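One structure below.
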Amino acid sequence: MDTEQVITRFPPSPTGTLHIGGARTALFNWLFARQHHGKFILRIEDTDKVRSTKENTESIIESLKWLGLDWDEGPYFQSQRTKIYYEMIEKLLSSGKAYYCHCSPEELEKKRIEAIKKGLKPKYDGKCRDLGLGKAPGAVVRLKSPLTGKTIFKDLVKGTISIENEQLDDLILQRSDGSFTYNFAVVVDDSNLGINYVIRGDDHVNNTPRQILIYKALDEPIPQYAHLPMILGRDKAPLSKRHGATSVMAFKDMGFLPHALLNSLARLGWSHGDQEIFTKQELIDLFSLEHVGKSAGIFNMEKLLDLNAKYIREENDSTLADLLLPFLSQLGCKDLPREKVKCAVKTLKARSKTLLEMAQRALFYFQEIDYEQQADEKFLLPDVLYILEDLLLDIKGATSFDQKNLENIFSTLLERHQIKLGTIAQPLRVALTGKTVSPGIFEIMEVMGQEMVVKRLSNAILHIKSKKGP
RNA sequence: GGUCCCAUCGUCUAGCGGUCCAGGACGCCGGCCUCUCACGCCGGUAACACGGGUUCGAGUCCCGUUGGGACUACCA
């Protein structure tokens, strides 16, 4: 009975797409809810009519789905919940916890500037606080917050935080145009939806006391708070657009596996001893707010890359082939035979950090090749011509084309010419792929198949001959 | 300016007074493996911001300094 159900929430604002900071906040809320068999609610904070877009909302939802962070309720839209806000404003007004203020923005701005000039805190002077003013055009509703005392709360990651109430001013709850401010809407929504754990970014710590005051005025239970440290860019500045691709969808497009991103996000700020790799279930079981660090961190791209490579290596070929197809298609290879893609994947999974990289490396299997200039100059030389010609004969005569048989063909060829594999491996590699780097030559020949190998080898031979010139 | 928060290798971090001349991971540098590149394996590089306390003993507790960040809006 004492175990109240845990209810968390993720409230993105559709003024932009979901970036990794938001994604981590969502992840921690999701983990916490899942671990406690509670509820995770999605709420879209679209009260900023000017900057919010439908596209962003859709993109955020798509990102969350891609990451596999499913929600139990919502998405709720703040823009559709105004009725509740009106009711709560009424409640505060009638109980004397809030009041109308007739001060004009201009008047306030003037006072602000004067206060700053005098070195004072630029807060509202409480002019209309006890005037008992009524509703009027241009009036706003302010919270009548306590002038003395302290507001204290126990943050689950930062510890006890306290602030003198005199530092806080009578903040506006409802604007003169009738719309509601962020701090008010959040409290009303969280309270209304039964949110009892608020896990959010560090940038909200200073808002928390203000929000607690609203809860108190509303006479509603105050949730538990956990403030996560910020994620910084390379330059140690808070993450923003100028740090390049930070949106979750950009990571998808770069060829990252959702779980790799999730794992890497989880380890930014949270830790479980020395463990680096976690399955989703482990994350759910082991996550703990107590082990969330207090200091901001820089997102480590190299580490993500490494994790992604690890997960690619461990993923099965068939799944990878499905994931790879769209990337290949993007690069101009459409309608490929899935089986062949799967074989290609097998040769490339240990050497690709992202799906995009894998697709690029796989291109020679599916597209006409060009010789890289340096590779051509260094390896496609007349002195290996006779070996390649001899090899071509063997290849043409091969009755089966699996790796085992290819290796046999080669060992007799090497024997016959008294050479080592090393002498023809690179020329052959360039002949077949156009590059000096590729999976093992027996692997790629098997995947390419006899016909393609014959063709590329013949082309290379002609190419070398043409070089000898007249 | 005021208020609040933060501070261990380049980066992410372990560390909840002695087991730490500080451990793991990524990166980087060597080596092994080897048909190239990877993978894998082995080894190396590198940090408790500074100054005072408290204590028999401090990376770990307290205070200060310095340096970061957040908030201070009729933005969210």
Side-chain angles (χ1 to χ4, degrees), chain A residues 11-16 45-48 50-52 78 101 103-105 108-109 112 115-123 138-142 155 158-159 161-164 166-169 171-177 179-183 185-186 201-210 227 229-230 232 234 236-238 264 267-277 290-291 293-307 309-310 313 348-353 361 375 379 410 420-430 433 435-442:
Chain A
S13 171
T15 51
E45 310 222 320
D46 57 348
T47 49
D48 187 339
V50 201
R51 295 189 300 152
S52 297
Q78 273 191 331
C101 167
C103 297
S104 69
L108 262 19
E109 186 57 24
R112 270 175 60 83
I116 292 171
K117 223 189 294 182
K118 279 191 231 161
L120 269 65
K121 182 177 170 60
K123 64 178 244 186
V140 299
V141 176
R142 283 183 187 272
D155 190 284
K158 303 225 176 245
I161 293 174
S162 85
I163 183 165
E164 301 286 340
E166 64 172 329
Q167 294 295 331
L168 278 14
D169 56 0
L171 78 178
I172 292 173
L173 306 176
Q174 184 176 19
R175 303 185 188 101
S176 52
D177 67 356
S179 64
F180 303 90
T181 58
Y182 165 75
N183 280 306
V186 185
D202 223 349
D203 47 342
H204 288 287
V205 253
N206 292 298
N207 279 325
T208 307
R210 298 172 224 282
H227 287 97
M230 304 268 82
L232 274 23
R234 275 224 165 283
K236 299 198 175 198
S264 137
R267 281 290 288 105
L268 214 195
W270 172 78
S271 64
H272 180 70
D274 285 339
Q275 190 170 346
E276 298 283 350
I277 312 275
E290 275 177 55
H291 287 95
K294 295 180 181 181
S295 51
I298 297 171
F299 183 73
N300 194 277
M301 192 65 172
E302 281 69 42
K303 208 161 171 172
L304 202 217
L305 242 13
D306 178 71
L307 259 182
K310 279 194 171 76
R313 261 175 261 140
L348 291 164
K349 61 195 287 192
R351 18 175 79 80
S352 309
K353 288 185 190 293
R361 287 178 188 276
F379 295 112
F410 271 76
K420 287 187 172 176
L421 217 213
T423 30
I424 55 159
Q426 283 303 80
L428 180 57
R429 191 183 314 280
V430 177
T433 71
K435 301 180 187 356
T436 55
V437 173
S438 85
I441 49 174
F442 301 123

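Remember, predicted model here, so these are calculated numbers, not experimental data. Each chain gets a letter, A, B and so on, in the order its sequence line appears, and its residues count up from 1.
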Is there, by distance only and without an angle test, a donor paired with an acceptor across the side chain of A/T181 and the base of B/rC74 below 3.5 Å? no
C1' atom, B/rA76 versus B/rA38: distance in rounded Å?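 My reading of the C1' atoms in B/rA76 and B/rA38 gives 46 Å.
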At under 4.0 Å between heavy atoms, what does [X] touch on the DNA or RNA strands: base, sugar-phosphate, or nothing?
| X | value |
| --- | --- |
| A/D169 | nothing |
| A/C101 | nothing |
| A/T47 | sugar-phosphate |
| A/K435 | nothing |
| A/S162 | sugar-phosphate |
| A/G201 | nothing |
| A/D48 | sugar-phosphate |

Checking contacts here: which listed nucleotide (B/rU8, B/rC12, B/rA76) is nearest the side-chain heavy atoms of A/S295?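 When the side chain of A/S295 is considered, B/rU8 is the closest of B/rU8, B/rC12, B/rA76.
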Of A/E276 and A/G293, whose closest RNA chain B nucleotide lies nearer the 5' terminus?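 First, find each residue's nearest nucleotide; the 5'-ward one identifies A/G293.
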Looking at residues at least two apart in the chain, or sitting in another chain, which of them share a ring-ring contact (aromatic ring centres under 6.0 Å, His included) with A/F299? A/F251
Determine, for nucleotides 27-40 of chain B in 5'-to-3' order, which nucleotides have protein heavy atoms under 4.0 Å from the base (write B), from only the sugar-phosphate (write S), or from neither (write -). S-------BBBBSS
